J.: 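Here it is, the structure, as structure tokens.
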Amino acid sequence: MAAVLAHRRQRFFSALDGASIDEIFAQLASWSESEGARGCLFLRALSDAGTSIDEVAAEVTVYRKELHLLITRLVRSETGDGNAVEAMLVLFEGAVAAASYRGVGAIHVARTAAAVLLNESSER
């Protein structure tokens with residue numbers, strides 16, 4: 001399971017190579033259209049294995065850190081500060097979850113909300 005997660009993480013972040021928040025939401029939508037929108041594999045694995053399998057918990061931690069670093073870098077580059085990082089992370093992860101039962105359109109809605117958030121953050 002840990003090896004599958006490591007491979008998935010590498011593939012996922014290779015697909016999310018955008019230079020902006022808008023681009024990574026667009027890439028997330030493309031990913032979900034091609035791979036299927038079934039929610040977050042990392043959260044499902046953690047739910048199934050709990051923290052009892054150290055290798056799985058470690059892969060989930062690496063994924064979460066990498067996602068946080070990516071979003072932090074992009075938000076800071078677009079707004080000049082990191083005030084919107086946590087909100088953007090919630091939007092991104094929420095889009096992944098919502099797409100599993102609302103369809104990929106949920107990612108497009110989150111993308112629009114992300115643009116509003118960035119705009120408001122830039123104006124402060």
Side-chain angles (χ1 to χ4, degrees):
M1 190 182 289
V4 168
L5 291 174
H7 184 257
R8 178 65 167 253
R9 179 176 46 80
Q10 292 165 351
R11 285 183 52 238
F12 184 70
F13 286 110
S14 291
L16 256 64
D17 63 353
S20 71
I21 290 293
D22 187 64
E23 287 178 13
I24 66 166
F25 273 94
Q27 291 165 340
L28 176 62
S30 293
W31 170 273
S32 296
E33 288 168 352
S34 66
E35 299 287 328
R38 295 180 303 274
C40 179
L41 178 64
F42 296 88
L43 292 179
R44 290 194 327 263
L46 192 60
S47 175
D48 289 346
T51 55
S52 62
I53 302 174
D54 292 339
E55 296 85 356
V56 170
E59 280 301 326
V60 172
T61 298
V62 170
Y63 165 78
R64 286 179 173 165
K65 285 181 181 178
E66 196 167 339
L67 181 60
H68 189 265
L69 287 172
L70 172 64
I71 289 177
T72 298
R73 180 178 54 80
L74 294 175
V75 167
R76 285 185 176 158
S77 73
E78 292 183 55
T79 66
D81 64 43
N83 291 334
V85 169
E86 292 304 314
M88 196 63 68
L89 188 61
V90 168
L91 273 174
F92 190 90
E93 292 197 273
V96 171
S100 70
Y101 64 92
R102 301 288 299 164
V104 176
I107 298 169
H108 299 297
V109 172
R111 183 180 181 188
T112 300
V116 171
L117 178 61
L118 285 176
N119 187 48
E120 288 182 10
S121 295
S122 296
E123 291 176 357
R124 292 183 189 157

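Here the structure is a predicted model, which is why all the values come from computation and not from measurement.
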J.: Could you go through the side-chain contact (heavy atoms from CB on, under 4.5 Å) check for L5 and E55 one step at a time?
T.: CA-CA 10 Å; L5 291 174; E55 296 85 356; over 6 Å; no
J.: Would you indicate whether H7, at its atom NE2, is surrounded by more than 12 heavy atoms from other residues, nucleotides or ligands within a distance under 6.0 Å?
T.: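 No.
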J.: Can you give me the closest heavy-atom contact between S121 and A84, atom names plus distance?
T.: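 Here S121 and A84 meet closest at OG-CB, 3.2 Å.
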J.: State yes or no: do L16 and L43 share one hydrophobic cluster built from I, L, V, M, F, W and Y residues joined by side-chain heavy-atom distances below 4.5 Å, directly or via other members?
T.: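 No; L43 is not reachable from L16 via cluster members.
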J.: Report the relative orientation of the aromatic rings in Y63 and F42; use parallel for angles under 30°, tilted for 30 to 60°, perpendicular for over 60°.
T.: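 If you compare the ring of Y63 with that of F42, the planes turn out parallel.
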J.: Would you kindly confirm whether F13 and F92 end up in one hydrophobic cluster when ILVMFWY residues are joined by side chain heavy atoms under 4.5 Å apart?
T.: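 Yes; F92 is reachable from F13 via cluster members.
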J.: For a quick test of reading the model, state the closest non-hydrogen atom pair linking I71 to V85 and the distance between them.
T.: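 Taking every non-hydrogen atom into account, CG2-O, 4.0 Å.
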J.: Is the number of heavy atoms from other residues, nucleotides or ligands under 6.0 Å of R64 CZ greater than 12?
T.: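 For R64, atom CZ is not crowded (no more than 12 foreign heavy atoms under 6.0 Å).
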J.: Roughly how far, to the nearest 0.5 Å, is OG1 of T112 from CG of D22?
T.: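 Rounded to the nearest 0.5 Å, the CG-OG1 separation comes out at 8.5 Å.
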J.: For a quick test of reading the model, state the closest non-hydrogen atom pair linking I107 to S32 and the distance between them.
T.: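 Minimum heavy-atom contact is CD1-OG, 3.3 Å.
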J.: Taking all atoms of both residues into account, what is the closest heavy-atom pair of A87 and L117, and its distance?
T.: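 In terms of heavy atoms, the two residues are closest at CB-CD2, 3.6 Å.
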J.: Is there a path from L41 to F12 through hydrophobic residues (I, L, V, M, F, W, Y) whose side chains come within less than 4.5 Å of each other?
T.: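 Same cluster: L41 reaches F12 through Ile, Leu, Val, Met, Phe, Trp or Tyr contacts under 4.5 Å.
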J.: Any sub-3.5 Å donor-acceptor pair from S100's side-chain atoms to V96's backbone N or O?
T.: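 Checking the backbone N and O of V96 against the side chain of S100, no donor-acceptor pair under 3.5 Å is found.
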J.: Is it true that V109 and L28 fall in one hydrophobic cluster, defined by side-chain heavy atoms closer than 4.5 Å?
T.: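 No: no chain of side-chain contacts under 4.5 Å links V109 to L28.
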J.: What distance separates L46 CG from T61 OG1, expressed to the nearest 0.5 Å?
T.: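 If I round to the nearest 0.5 Å, the distance is 8.0 Å.
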J.: Quick check: are there more than 12 heavy atoms from other residues, nucleotides or ligands sitting under 6.0 Å from CZ of R102?
T.: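 For R102, atom CZ is not crowded (no more than 12 foreign heavy atoms under 6.0 Å).
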J.: In Å, rounded to the nearest 0.5 Å, how long is the span from CZ of R76 to CG of N83?
T.: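 Going from the CZ atom of R76 to the CG atom of N83 covers 9.5 Å.
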J.: To check you understand the geometry: which heavy-atom pair defines the closest contact between M1 and A49, and what is its length?
T.: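 In terms of heavy atoms, the two residues are closest at SD-CB, 4.3 Å.
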J.: To the nearest 0.5 Å, tell me how far T72 OG1 sits from M88 CE.
T.: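 With rounding to 0.5 Å, OG1 (T72) is 11.0 Å from CE (M88).
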J.: Do you know the tightest heavy-atom contact between L74 and G18?
T.: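 Nearest pair, atom of L74 first, then G18: CD2-O, 3.9 Å.
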J.: Are the side chain of E33 and the backbone of V104 linked by a donor-acceptor contact shorter than 3.5 Å?
T.: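 The answer is no, because no donor-acceptor pair under 3.5 Å joins these two groups.
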J.: List the steps and the verdict of side-chain contact (heavy atoms from CB on, under 4.5 Å) for R111 and E23.
T.: CA-CA 9 Å; R111 183 180 181 188; E23 287 178 13; over 6 Å; no
J.: Measure the CG-OG distance between D81 and S122 for me, rounded to the nearest 0.5 Å.
T.: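 If I round to the nearest 0.5 Å, the distance is 8.0 Å.
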J.: Could you tell me whether the side chain of R44 and the main chain of R38 form a donor-acceptor pair under 3.5 Å?
T.: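 Yes; at least one donor-acceptor contact below 3.5 Å.
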J.: Examine distances only and state if a side-chain atom of E78 and a backbone atom of L118 form a donor-acceptor pair shorter than 3.5 Å.
T.: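 Not confirmed, E78 side chain does not pair with L118 backbone.
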